[in-house]
Amino acid sequence: MPELPEVETIKRDLEKILTGAILKKIIPYNLRFLEKNNLSLQEFKSLEGERLNSFLRKGKFLALLFKERALILHLGLTGSLLLNSKNSSPSPHNIFSLIFDQGELLFRDPRKFGKVFLLSMDDLSTFLNHLGVDALELTFEELKKILQGHRGRVKNLLLNQRIIAGLGNIYTDELLFRAKISPFRRGMELSEEEIYRLYQEMQSLLAEAIALRGSSIRDYVDSEGKKGRFQEKHLVYGKSGTPCPICQTILKRTIIAQRGTTYCPNCQK
DNA sequence: TTCAGCCTGTCG
DNA sequence: CGACAGGCTGAA
């Protein structure tokens, strides 16, 4: 669910409320989830009493920066971070709650594909360096270099978080449609003009999606439990079998990078 | 570079 | 009942 625009929306909301807050108590709900993530209860609990200094996002990862350590969260497909949620009745979807002096943050994840881990500041920079450049920070020159250096399909490149961090299946399909580039094309064969189009469309797409607080197809909700609105602007994602909004050709669905991929066989060259 | 696997839910 | 789902990893 959460790709860059959704995580960025959550980050901006949380930092308004929780920056500088003291973490009073951690309530673990799903021990199996923590165990799977190699986070021991003892280590996790050792954060209690610390001040949350700031937030950091890179790609789809969100980091909560405490004194000397960072709590890293990834929302997987269905994770959500809810601030002061009313109905925290026992649910098998609840993973843990962080009780701050300025509010309560609940991490839920029905499918449990999310991640949580605790890193020292040194390990944090190593970890961040393993991710590609954040899609919002990317420059045209960097994108050009990336594409020209890869023979793989452009869709695979855009989805690869070690190359560019932040794009997922929704935004990749929307981006390739807007840039009129076929998902089957290979990075190396794109012209300078096509790369420029891809770059411009990537930046405007992400900016528009953030302005509308992300896309809610199924599960995504922000920290207040509200849906985003960018799904109303989607042009192709999830619309295979319907006419292309530009040329009326029926949109096709295929599998690329093991992901369902929707595109217009006429507009996207 | 493919593919199952991790989980749970929804839709047809 | 099968197909599919905003992600990602590790093994074949």
Side-chain angles (χ1 to χ4, degrees), chain A residues 1-11 29-39 57-62 72-81 91-95 107-117 127-128 130-132 134-135 150-177 183-184 186-187 202 205-206 208-210 212-223 226-242 251-262:
Chain A
M1 119 208 167
E3 305 180 27
L4 187 154
E6 290 74 34
V7 181
E8 180 66 19
T9 298
I10 291 170
K11 181 210 171 206
Y29 295 114
N30 189 321
L31 298 176
R32 226 176 97 202
F33 184 94
L34 299 180
E35 195 181 335
K36 197 175 69 180
N37 281 268
N38 295 314
L39 179 57
R57 180 194 58 73
K58 186 168 183 185
K60 303 169 192 171
F61 286 91
L62 182 65
I72 316 292
L73 302 173
H74 190 293
L75 301 178
L77 279 171
T78 57
S80 57
L81 285 168
S91 156
H93 297 158
N94 292 349
I95 307 296
F107 181 37
R108 304 178 87 241
D109 185 2
R111 284 183 73 180
K112 297 166 187 69
F113 284 180
K115 294 190 184 93
V116 56
F117 44 94
F127 169 73
L128 295 177
H130 287 308
L131 283 174
D134 185 80
H150 289 268
R151 26 182 349 114
R153 296 239 149 86
V154 63
K155 170 144 178 166
N156 291 253
L157 295 183
L158 295 171
L159 283 175
N160 188 334
Q161 304 298 301
R162 282 171 307 187
I163 299 175
I164 298 172
L167 300 175
N169 208 30
I170 292 179
Y171 293 103
T172 302
D173 277 9
E174 291 296 317
L175 171 58
L176 290 172
F177 178 77
F184 293 103
R186 299 185 180 269
M202 187 190 304
L205 174 69
L206 293 174
E208 288 168 34
I210 292 169
L212 290 185
R213 305 183 58 78
S215 302
S216 295
I217 300 295
R218 203 168 282 103
D219 303 283
Y220 171 71
V221 287
D222 65 19
S223 64
K226 294 181 184 153
K227 291 176 184 302
R229 299 195 311 282
F230 192 68
Q231 66 281 5
E232 296 161 15
K233 307 288 182 186
H234 290 178
L235 299 175
V236 292
Y237 179 82
K239 298 182 191 289
S240 68
T242 69
L251 298 175
K252 281 186 91 168
R253 181 180 189 277
T254 184
I255 303 284
I256 298 179
Q258 287 88 243
R259 315 297 299 276
T261 300
T262 305

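Values below: every heavy atom of this structure, side chains too, minus hydrogens, waters and symmetry copies. First the proteins, then the strands, lettered A, B, ... as listed; each starts at 1.
- With C1' as the reference atom, C/dC4 and B/dC6 are 16 Å apart, rounded to whole Å.
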Distance-only donor-acceptor hits, side chain of residues 227-239 of chain A, under 3.5 Å, sequence neighbours excluded:
{"unit_1": "A/Gln231", "atom_1": "OE1", "unit_2": "A/Ser216", "atom_2": "N", "d": "2.9"}
{"unit_1": "A/Gln231", "atom_1": "NE2", "unit_2": "A/Gly228", "atom_2": "O", "d": "2.9"}
{"unit_1": "A/His234", "atom_1": "NE2", "unit_2": "A/Ser215", "atom_2": "OG", "d": "2.8"}

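- A distance-only check finds no donor-acceptor pair linking the side chain of A/Asp109 to the backbone of A/Ile95 [under 3.5 Å].
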Identify the pairs formed between an N or O of the protein and an N or O of nucleotides 8-11 of chain C at a distance under 3.5 Å, and give each distance.
{"unit_1": "C/dC8", "atom_1": "OP1", "unit_2": "A/His74", "atom_2": "NE2", "d": "2.7"}
{"unit_1": "C/dC8", "atom_1": "OP2", "unit_2": "A/Lys60", "atom_2": "NZ", "d": "2.9"}

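- Not a single donor-acceptor pair under 3.5 Å links the side chain of A/Lys155 to the backbone N or O of A/Ile256.
- On the P atoms, B/dG5 is 16 Å away from C/dG2, given to the nearest whole Å.
- Counting only Watson-Crick or G-U wobble pairs whose defining distances are both under 3.5 Å, the stems of 3 or more consecutive pairs in DNA chain C are B:1-6 with C:7-12, B:8-12 with C:1-5.
- Bracketed by its first and final contacts, the part of DNA chain B lying under 4.0 Å from non-hydrogen atoms of chain A reaches from B/dC3 to B/dG9 in 5' to 3' order.
- Taking A/Leu157 as the reference, A/Leu147, A/His150, A/Ile163 meet the side-chain contact (heavy atoms from CB on, under 4.5 Å) condition, with sequence neighbours excluded.
- The shortest side-chain heavy-atom distance between A/Thr172 and A/Val154 does not fall under the 4.5 Å cut-off.
- Contacts of A/Arg153 with the nucleic acid, taken as non-hydrogen atoms under 4.0 Å apart, are absent.
- Every residue was checked against the side chain to side chain donor-acceptor pair (under 3.5 Å) condition with A/Arg153, not counting sequence neighbours, and none meets it.
- The gap from the P atom of B/dC3 to that of C/dA3 amounts to 16 Å, rounded to the nearest Å.
- Checked by atom type and distance alone, the side chain of A/Glu8 never pairs as donor or acceptor with a backbone atom of A/Ile210 at under 3.5 Å.
- A/Glu6 and A/Tyr171 share a donor-acceptor pair across their side chains, judged by distance under 3.5 Å alone.
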